[in-house]
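Sequence lines set the chain letters: A, B, ... in the order given, protein chains first and strands last, and positions in each chain run from 1.
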Number of protein chains: 2
Amino acid sequence: MTRKKQTDRVTITDVARVAGVSKTTVSRYLGGQYHVLSESTQARIKEAIEQLNYRPNQMARGLKRDRSYLIGMVMADISNPYSTAVLRGAEDVCKQKGYSILVCNTDNDPAKEREYILMLQSHRIDGLLINTTGKNNDFLRELANDCTPVVLIDRKVPVLGFDTVGLDNEQATSEAIHFLLNRGYKRIAYVSEPIAGVSSRRERAAVFTALADQYGYSADDLYEVNLQSPERLSEVLDHFLQRTQGEKPVIFAANGVVLLKLIRALQSKGISVPEDVAVISFDDTEWAALIGSGITAIAQPTYQIGMTAMERIFQRMEGDGSPAQNIAFAGKLIIRGSTPPVV
Amino acid sequence: MTRKKQTDRVTITDVARVAGVSKTTVSRYLGGQYHVLSESTQARIKEAIEQLNYRPNQMARGLKRDRSYLIGMVMADISNPYSTAVLRGAEDVCKQKGYSILVCNTDNDPAKEREYILMLQSHRIDGLLINTTGKNNDFLRELANDCTPVVLIDRKVPVLGFDTVGLDNEQATSEAIHFLLNRGYKRIAYVSEPIAGVSSRRERAAVFTALADQYGYSADDLYEVNLQSPERLSEVLDHFLQRTQGEKPVIFAANGVVLLKLIRALQSKGISVPEDVAVISFDDTEWAALIGSGITAIAQPTYQIGMTAMERIFQRMEGDGSPAQNIAFAGKLIIRGSTPPVV
DNA sequence: CCGGTTTCTGAAATCGGTTTCATTATAGCA
DNA sequence: TGCTATAATGAAACCGATTTCAGAAACCGG
């Protein structure tokens, strides 16, 4: 009897030999085609698989079936808790279907984004979730020619036939602003990361701007800040707050990362929340409740977003050819101490 | 001229045909064996690849080469920022080498951990990073028989020949406790998630216990809390704080997640930090500086941990057969307002 | 007892690459 | 000129699965 080296993996041929059947038969067993197999054959194969501790090689299987059982996930910023929350939702759906996720972090760098997508393609991923940097629109449009299903998360790409899943930015922003107005705030600043190219930022900012005239706050108080340079945020605060004419000001942070830097800047300037300035923010981070008397925030159903995005992938894989959908979930306003009623 | 269906991917055979050479020659080009190829052949292949927009199929390549160019990463809790910070370090090393990462989140569930590892094995991953649940030691030991390199992150498994990378828990814990003692604290509580099976928790707690007698605080104030049930934490606080006899108490949180729940519990009880109780914690979370006057914390070099772990994987892949290493990085104590000197 | 199903199984082709080995052409040298 | 070394290339086997197609055995009705 010949024995393989220890380093050699057990193959379907080994199983076939031990069970005394052909590779074909073993393959049918693996594929769950039990109805064409005799009971005794099934038993012998089962026995052999357990004895050898056999695990089929997905690369070989994938090559023939033209399926990798891999899903790519390209995130602009994996250290943002939003990303991992979405990942969890996506992963749970995948696991249940026997798929695994290849995670890539682009650090908001479009070059990295391109490289990663090419890399994923060469692994022949069966689906692709993208939270795009927003600076690769032409490149992404080419993806549409491939047959691989793509779902965009949070950020859309214009003109394109991709499914998208994210927050209903219009509803959420509008609800938040109406809440502030009802509480008596008349001076509202909206602080966002650079808006160009990122649809969710654009949509949120657009609502802020659109409601300004109607409700009597200034659309000029829409500030874009690059969080890499902390001075800019500091200047913005000075500019906004010094113009306060007896009116209680409120600052609206466009996401959790902005909020973090904002709180840091306020603290270093000795400005108190909510005494000197009220604060509201997108993203209900785990720590939002802990800052002072809590920061009022708009919670996103992140887990649900991840699940839904991945479910779209599978539906597309299973042949759903319907037109691209934009799926937008409502945000939920969580009221805390940072936005007290104006007296 | 025959034309393939749109859905068909370009293969090496197509490139060979267009370039007017054999598959073999194209393969050599792809493998970078330029020295055996004539200049003109190289040029024609390059041209053909670009024209066809060809991307080699990693499954086919992997099947023959017995390499998947995939690394598995199994994390106990991906929503812990520690995990994503480590992931970033690991990913950067991978990307540079042309590898991709399959990320799995076990939610501290040993059954999920087993399933994921089997799944990864069937993808024939070339390396495996595990932040283990700590409840699969027998199963993990079997992994050692496989030839695939494994590196454990943060949590070790007894008796095993795996490389490990993590924090120097002894140094870090000891440094923190000495810091507290120097500041004049004599009543120290250490609050940890359940210690059984998780080496990093055990190591940290062991130092707390070991130094107790020597420095005159009580080793009884080591509390294990299951964070699923918030009442337990509340009871622990009551128990510890009511025994305070005029001495200023300090609570030492065993990681960032514990700290989060701790702060929440203290706030809901109306206990102020640092007036009523001082606080120190493992993990310098992004928000630690923002709570009150800041929480004193032990920062871990997470990015470095991820990088180093992945580098070990590649070294093992390249044939390094040296005995298993335990690599422990020093933590850095970041002093903030939550631990003022006792007056 | 015979042709026709039905049930179960296997030989061989295939997926898209890599690798081994053989072949051709050209150069170098006596 | 003839013979060998070297450079450049290709045919075919191979990796480990799946799938097509065909064959053997058992069963069935007339």
May I ask you to evaluate whether [X] reaches the phosphate of [N], defined as a side-chain N or O under 4.0 Å from OP1 or OP2?
| X | N | answer |
| --- | --- | --- |
| A/Thr11 | D/dG16 | no |
| B/Ser27 | C/dT19 | no |
| B/Arg65 | D/dC15 | no |

Return yes when atom CD of A/Glu318 has more than 12 non-hydrogen atoms of other residues, nucleotides or ligands closer than 6.0 Å, and no otherwise.
yes

Distance-only donor-acceptor test (3.5 Å): side chain [X], base [N]:
| X | N | result |
| --- | --- | --- |
| B/Thr24 | D/dA11 | yes |
| B/Arg28 | D/dG10 | yes |
| B/Lys23 | C/dG17 | yes |

Atom pair distance, as rounded to whole Å: [atom1] in [X] and [atom2] in [N]:
| X | N | atom1 | atom2 | value |
| --- | --- | --- | --- | --- |
| A/Leu37 | C/dG10 | CG | P | 10 Å |
| B/Asp66 | C/dG17 | CG | C1' | 14 Å |
| B/Arg124 | D/dG16 | CZ | P | 9 Å |
| B/Tyr69 | C/dG16 | OH | C1' | 14 Å |
| B/Met59 | C/dC15 | CE | C1' | 9 Å |
| A/His123 | C/dC15 | NE2 | P | 22 Å |
| B/Gln42 | D/dT9 | CD | C1' | 13 Å |
| B/Gln33 | D/dA7 | CD | P | 14 Å |

For [X], which contact category applies under a 4.0 Å heavy-atom criterion: base, sugar-phosphate, or nothing?
| X | answer |
| --- | --- |
| B/Ser38 | sugar-phosphate |
| A/Val26 | nothing |
| B/Tyr54 | sugar-phosphate |

Among the nucleotides D/dC15, D/dT9, C/dG17, whichever has the atom closest to the side chain of B/Asn57 is C/dG17

Quick one: on DNA chain D, does B/Thr25 or B/Ala60 contact a more 5' nucleotide (nearest heavy atom)?
B/Thr25

Judged by each residue's nearest nucleotide on DNA chain D, which is more toward the 5′ side, B/Lys64 or A/Arg55?
B/Lys64

Look at the aromatic rings of A/Tyr34 and A/Tyr29 and report parallel, tilted or perpendicular, splitting at 30° and 60°.
perpendicular

Salt-bridge present (A/Arg17, A/Asp14; N to O < 4.0 Å):
yes

Between the side chains of B/Arg141 and B/Asp138, is the shortest nitrogen-to-carboxylate-oxygen separation below 4.0 Å, so that they form an ion pair?
yes

For B/Lys23 and B/Ala16, the nearest pair of non-hydrogen atoms, with its separation, is N-CB, 3.7 Å

